[in-house]
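Structure, as structure tokens:
In what follows, every chain begins at residue 1, and chains take the letters A, B, ... in the order their sequences are listed.
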There are 2 protein chains.
Amino acid sequence: MAVLHHSLDFILSSPVDSASTVPGLLSIFHEQGMTETVHDTQGHGYLATLVGKNGRFAFLRVHSHGTVTIDLQCYQEDSIAEVDNLLNALEKKLKTLLNGNIKRIKRLPALIRGAEVDRYWPTSDGRLMEYDIDKVVYDEDSVYQKIQILHSKQYGNILVLNGNVNLAESDLAYTKAIMGSGKENYAGKEVLILGGGDGGILAEVVKQKPKMITMLEIDQKVIDGCKTHMRKTCGHTLDNLTGDCYQILVEDCVPVLKKYAQEGRTFDYVINDLTAVPISTEPEDSMWEFLRLILDLSIMVLHPSGKYFTQGNGVNMTDALTLYEEQLGKLSCPVGFSKKVVCVPSYLELWVFYTIWKK
Amino acid sequence: MAVLHHSLDFILSSPVDSASTVPGLLSIFHEQGMTETVHDTQGHGYLATLVGKNGRFAFLRVHSHGTVTIDLQCYQEDSIAEVDNLLNALEKKLKTLLNGNIKRIKRLPALIRGAEVDRYWPTSDGRLMEYDIDKVVYDEDSVYQKIQILHSKQYGNILVLNGNVNLAESDLAYTKAIMGSGKENYAGKEVLILGGGDGGILAEVVKQKPKMITMLEIDQKVIDGCKTHMRKTCGHTLDNLTGDCYQILVEDCVPVLKKYAQEGRTFDYVINDLTAVPISTEPEDSMWEFLRLILDLSIMVLHPSGKYFTQGNGVNMTDALTLYEEQLGKLSCPVGFSKKVVCVPSYLELWVFYTIWKK
């Protein structure tokens with residue numbers, strides 16, 4: 001039973017005395033059978049808690065600096081019409097009482113709290129975003145991470161790992177970006193994919209008839225979920241771990257990369273599609289050291305004329321992006337890089353992608 | 001002085017007695033010098049209001065169906081560390097108290113209420129979205145509408161008309177979509193733009209050297225704002241109302257369309273970039289009748305082999321889209337149509353665009 005949390009805020013040009021607004025608002029609450037308890041705020045304006053029927057509660061605050069905030073909590077099963085009427089009546093009354101002193105009225109879409117299906121997945125820079133998610137289609141905890149696949153009306157199914165939106169079926173733009181934005185020719189090439197358990201990159205590279213794709217994905221449960229629920233992304237590529245021109249190794253990429261490096265094996269393309277904070281069976285010193293280890297190993301197995309592609313971070317995460325770029329200057333082998341900002345539909349923020357090459 | 005509204009929710013597998021959670025939580029509030037008033041909820045679980053220093057208030061609810069919700073309001077100037085510590089302590093305590101009974105813990109990014117700059121602009125289907133807006137660069141009320149241009153870190157400046165996100169400097173995808181997704185050749189063509197005061201379509205069509213573009217924009221104040229603050233979108237096209245191959249008429253499009261229809265004047269392309277609910281000086285019977293009037297007039301001035309482009313609505317607004325398509329069947333002249341779903345970066349939802357032609 002979800003709780004709808006409504007808010008109605010009046011931002012004023014100048015402070016008001018609570019005596020000029022409170023009685024008028026209380027009379028509206030009283031009409032709805034709600035009764036107040038007034039609190040001692042220690043000089044921080046007026047605060048009353050109001051209790052009504054059906055588990056309705058309201059909090060009325062008249063802030064001493066000139067804002068009126070009203071919170072109204074009710075159950076999702078409550079009468080929408082009654083709750084709307086109450087909010088409309090409060091808004092109308094405040095408009096009259098504060099006439100000429102109103103800078104802005106803000107009534108946000110109600111927060112849905114405690115619902116069966118969670119719709120709120122913040123951006124990388126911590127902004128609140130409400131998705132149109134109506135169903136959880138896959139929900140598994142692997143030894144590595146929490147794996148959820150959620151259905152969105154507009155984006156199709158969305159893979160969410162440890163609470164971070166990873167990829168939706170609508171997000172071909174992500175796959176194209178991490179493959180070099182359509183400027184590369186994969187035909188006849190040796191390709192290494194790190195991570196990529198949703199199968200999106202695999203499915204797109206396969207179409208270009210490469211010589212061989214090796215994909216190193218640590219988590220079988222990601223593959224299992226995606227091969228059933230993300231078929232617009234992976235097609236049939238995840239149905240078998242080997243295909244005409246690809247093999248999927250369900251392994252930690254770090255020891256495999258080390259082995260390839262030792263053998264002197266190289267790839268024309270290395271595509272790092274690992275999660276932002278990669279998971280591994282290796283002992284980690286720190287996130288940045290671990291990221292640098294993977295980078296170093298990847299560059300070692302990169303053909304001198306090859307390209308390394310990876311996703312970076314949300315475009316607003318400037319500090320994290322700068323730190324990442326600093327790591328690129330600390331690798332065993334000098335590298336050059338370029339970056340591109342891309343709109344990935346389900347991300348609800350612009351995302352940075354990197355191209356890295358040996359100098 | 002903005003209010004930060006924090007929320008911390010525990011969704012449980014089975015209901016809990018408030019006696020098992022409340023004393024432990026209250027002790028944490030008490031440590032922070034907050035004292036409670038317990039309310040009579042008429043059988044709807046436990047509710048307490050807590051008042052603390054610096055204008056901090058909290059609301060603790062233990063719902064009888066098995067959810068614990070905590071709201072914490074504090075001022076933006078309050079100590080972030082202290083508030084975080086309090087929320088962390090509450091979360092830790094609840095994790096211990098409810099061990100084994102927790103389905104989900106949700107701590108949303110704090111709502112910022114009553115701030116100088118408003119960051120919340122919902123989608124067409126009423127979902128809450130927090131933009132990275134840090135500045136209002138233009139704020140004017142014209143006789144037709146409220147015009148705001150807001151600065152976003154990632155999207156550049158965003159034109160917001162009557163509270164609806166219209167176009168950001170990042171949104172070339174919108175302009176491309178409403179011009180026919182790159183499949184049209186405007187060279188030497190007669191083009192009519194309805195609305196389009198941000199100059200985005202004008203600037204892109206001009207590049208293709210059409211014979212003549214006529215743009216009918218009702219609101220000089222939109223042009224004024226955009227020519228200063230949306231230059232990534234409009235370039236220099238709005239600096240003058242006439243150019244080599246275009247003229248901007250600052251007029252209501254309806255009487256002009258009527259005149260063109262009467263004169264038998266036709267265009268190769270009509271691009272309707274009016275707001276979803278168009279504004280006009282004409283008396284309106286109803287929104288749909290008015291939309292049909294504009295459609296009818298537009299089709300009248302469309303060359304038999306011409307194309308009419310327009311934006312529709314958010315892809316989740318299925319009822320509104322169906323109603324729109326029904327209008328297309330009621331025009332004086334039979335038309336065919338196709339639609340395309342496009343990701344416009346600043347919209348934070350997928351958007352439907354229409355192509356319409358004379359049958």
Query raised in the report: Top residue by heavy-atom pair count (under 4.5 Å) with chain A, among B:Lys106, B:Arg61, B:Arg119?
Result: B:Arg61
**Report entry** Proximity breakdown for B:Leu111 and chain A, heavy-atom pairs closer than 4.5 Å
**Finding:** side chain
Query raised in the report: chain A heavy atoms under 4.5 Å from B:Arg104: which part of the residue, side chain, backbone, both or neither?
Result: side chain
Query raised in the report: In terms of heavy-atom proximity below 4.5 Å to chain A, should B:Asn316 be classed as side chain, backbone, both, or neither?
Result: side chain
Query - Residues forming a side chain to side chain contact (heavy atoms under 4.5 Å, CB included) with B:Asp17, sequence neighbours excluded - result: B:Ala19, B:Ser20
Query raised in the report: Mind checking which of residues 343-354 of chain B sit less than 4.5 Å from chain A, heavy atom to heavy atom?
Result: B:Cys343, B:Pro345, B:Leu348, B:Glu349, B:Leu350
Requested in this report: Let me know if B:Ile112 has heavy atoms under 4.5 Å from chain A in its side chain, its backbone, both or neither.
Outcome: neither
Query raised in the report: How long is the span from the CZ atom in B:Arg56 to the OG1 atom in A:Thr41, to the nearest 0.5 Å?
Result: 14.5 Å
Requested in this report: May I ask you to name which of A:Leu108, A:Thr123, A:Val68, A:Thr49 has the most heavy-atom pairs under 4.5 Å with chain B?
Outcome: A:Thr49
Query raised in the report: Yes or no on side chain to side chain contact (heavy atoms under 4.5 Å, CB included) for A:His5 and B:His5, after CA distance, side-chain angles and deciding distance?
Result: CA-CA 12 Å; A:His5 187 120; B:His5 188 121; 3.7 Å; yes
**Report entry** Residues A:Glu116 and B:Lys103 bridged, charged N to O under 4.0 Å
**Finding:** yes
Query raised in the report: By a 4.5 Å heavy-atom criterion (distance strictly below it), what part of A:Asp40 contacts chain B: side chain, backbone, both, or neither?
Result: backbone
Report summary line: Looking only at A:Asp9, A:Thr37, A:Asp125, A:Asp118, the option with the highest number of non-hydrogen pairs under 4.5 Å against chain B is A:Asp118
Report task. Sort B:Thr35 into side chain, backbone, both or neither according to what part of it lies under 4.5 angstrom from a heavy atom of chain A. Result -> neither
Query raised in the report: Are B:Asp71 and A:Arg113 side-chain neighbours, meaning at least one heavy-atom pair lies under 4.5 Å?
Result: yes
**Report entry** Contact winner vs chain B - A:Val315, A:Asn54, A:Thr67, heavy-atom pairs under 4.5 Å
**Finding:** A:Asn54
Query raised in the report: With only heavy atoms counted, which part of B:Val3 is less than 4.5 Å from chain A, the side chain, the backbone, both or neither?
Result: side chain
Query raised in the report: With chain B, which of A:His39, A:Gln42, A:Lys153 has the greatest number of heavy-atom pairs at distances under 4.5 Å?
Result: A:His39
Query raised in the report: If you tally heavy-atom pairs under 4.5 Å against chain A, which of B:Val341, B:Leu47, B:Ile11 wins?
Result: B:Leu47
Report summary line: Within residues 72-80 of chain A, the residues sitting under 4.5 Å from chain B by heavy atom, in sequence order, are A:Gln73, A:Tyr75
Query raised in the report: Would the number of heavy atoms belonging to other residues, nucleotides or ligands and lying under 6.0 Å from NZ of A:Lys340 be above 12?
Result: no
Query raised in the report: Using non-hydrogen atoms only, which part of B:Leu8 is less than 4.5 Å away from chain A: side chain, backbone, both, or neither?
Result: backbone
Report task. List for me each residue that meets salt bridge (charged side-chain N to carboxylate O under 4.0 Å, His left out) alongside B:Asp134, sequence neighbours excluded, and say none if there are none. Result -> none
Query - Neighbour count above 12 (heavy atom, 6.0 Å) for B:Lys135 NZ - result: no
**Report entry** Residue pair A:Met129 / B:Arg127, side-chain heavy-atom distance below 4.5 Å
**Finding:** no
Report summary line: Looking only at heavy atoms, the pair that brings B:Gly126 and A:Pro109 closest together is O-CB, 3.3 Å
